[in-house]
J.: 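For reference, the structure I am asking about is given below.
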Amino acid sequence: MNLYFVNLLVQFLLKTKQTMYKFIDNTELRKEKRLIWASTRSVLENIGFLRNKNGKKSKSRWNLFVRLLHIFIWLLKLSGHYHKGYGNAKTIEVTEITLEYPNLPQAFDGFKILHLSDLHIDSIPGFASLIIKKINKLSFDICFLTGDYRKDNSGSILNILKPFRILSKYIQAPYGTFAVLGNHDTFLMAQYENQSGLELLINESVEIIKDDDRILVTGTDDPFSYYTEQALLSLETKCYNFKIALVHTSELAKAASVNNYDLYLCGHTHGGQICLKKGVPLISHQFEGKQFNNGEWKIGNMKGYTSRGVGVSGIPVRFNCPAEIVLITLKRS
Ligand SMILES: [Fe+2]
């Protein structure tokens, strides 16, 4: 094969890759909306104005939690359980599930989704390489990340950039890697979007194109601490045969179900992270109902999955609640 044909083949492959997904809004409109979003969220972050769909959040509840956490860390160390819990946090399970839908477009039958949530990648030194070891053994078509990339919910993000770049090189999903922000994340992360090898969905939708079929994926900003009506509006999308919502928490699940979404993926709870023997969480940081704490759930025709998360926050330990990477296979029934 001479150089001319090699060049043609490369161009064809690049073109094919470019048409695997397409944003609903054009580039100019996306830029404009992002600017408005960044201005709003920067103010909310900088003045510490945290709000969910019920309004402004109380800081005293969070301050009490932080104080209790320090006492708990001290008790774990004193009782000799800290080391065991730290080892548990570094052990990641792969959960494989199959979800069946009669309305799934034919081309997406067997489509595999890698769902990663709550990486908190700087909580444990070298954690990215532990995740890579697991991901390397899996094959998938698309990757969705549902928020919380750093340990703390304020401060610099520079320490997570390097491990994140390394991780995203290994993800390499043929139909793209899409991410939403969580309550530990900052609007500044959007500046590094191009370098990180993933596409942020901030109250935005993208069409995934396979053969002649299309499905819609919508990602919202975090509704746990930075809720705005724009998140809700972004779920009011037009008709598609199949729609997926990516949100950090389960808080927008009812709205997504009303808008005929078929699948809702979220995290945030860490499954409790520290649980009693039967997986009952001591604290879950969600108030939507215990069915949303982890695993599969359903609202109307919409199926949902709350990931127990890959990483840890607050305290780098897990008990009776293993970290998970979720591999979802979509099937047409
Ligand atoms: Fe988290």
Side-chain angles (χ1 to χ4, degrees), residues 41 45 50 52 57 61-62 65-66 68-69 72-73 85-86 88-93 95 114-124 127-128 130-131 143-157 159-160 163-164 167 178-189 198 200-202 219-227 231 246-253 264-275 279 281-288 290 292-295 304-326:
R41 183 147 169 179
E45 284 181 26
L50 307 182
N52 61 18
K57 291 172 73 174
R61 189 189 164 92
W62 180 254
F65 170 71
V66 172
L68 289 174
L69 197 65
F72 192 66
I73 293 170
Y86 187 71
N88 291 343
K90 295 203 293 183
T91 309
I92 307 166
E93 289 184 355
T95 306
L114 179 72
H115 177 206
L116 305 172
S117 198
D118 300 83
L119 295 175
H120 297 288
I121 208 155
D122 53 338
S123 286
I124 293 172
F127 198 52
L130 296 179
I131 302 169
C143 177
F144 295 142
L145 295 103
T146 48
D148 276 10
Y149 306 106
R150 65 177 175 182
K151 179 178 74 173
D152 298 320
N153 47 18
S154 61
S156 172
I157 54 164
N159 53 334
I160 68 162
F164 220 85
L167 177 64
F178 299 92
V180 295
L181 297 180
N183 57 307
H184 279 245
D185 303 321
T186 163
F187 73 99
L188 293 169
M189 288 176 183
L198 49 83
L200 281 177
L201 292 176
I202 304 169
T220 77
D221 195 7
D222 165 55
F224 186 76
S225 294
Y226 301 104
Y227 173 81
L246 307 177
V247 187
H248 182 54
T249 72
S250 61
E251 286 162 283
L252 304 182
Y264 185 106
L265 298 177
C266 61
H268 176 67
T269 62
H270 298 195
Q273 195 175 306
I274 296 167
C275 294
L282 293 181
I283 295 171
S284 75
H285 292 301
Q286 66 96 18
F287 314 98
E288 306 298 301
K290 62 181 179 183
F292 300 110
N293 185 55
N294 73 77
Y305 194 91
T306 307
S307 167
R308 293 193 303 268
V310 187
V312 283
S313 66
I315 171 171
V317 298
R318 279 187 181 262
F319 289 101
N320 303 312
C321 182
E324 74 174 345
I325 284 171
V326 187

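Just so you know, ligand 1 is whichever comes first in the structure, and atom 1 is the first atom listed for that ligand. What you see is a predicted model; the values in this text were computed from it and never measured.
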J.: State which residues pass salt bridge (charged side-chain N to carboxylate O under 4.0 Å, His left out) with E324; sequence neighbours excluded, sorted by chain then number.
T.: R308
J.: Under 2.8 Å from the Fe ion (ligand 1), which protein atoms of type N, O or S occur, listed by chain and number?
T.: D118 OD2, H120 NE2, D148 OD2, H270 NE2
J.: What I want to check is whether the side chains of D222 and H248 have a donor and an acceptor closer together than 3.5 Å.
T.: no
J.: Any donor and acceptor pair, going by atom type alone, linking the side chain of T306 with main-chain N or O of N293 inside 3.5 Å?
T.: no
J.: Salt bridge (Lys or Arg N to Asp or Glu O under 4.0 Å): which pairs involve residues 146-157, sequence neighbours left out?
T.: none
J.: Once the angle between the rings of F287 and F224 is folded into 0 to 90°, is it parallel (under 30°), tilted (30 to 60°) or perpendicular (over 60°)?
T.: parallel
J.: In chain order, what residues pass the side-chain contact (heavy atoms from CB on, under 4.5 Å) check against V180, with sequence neighbours excluded?
T.: T146, L201, L246
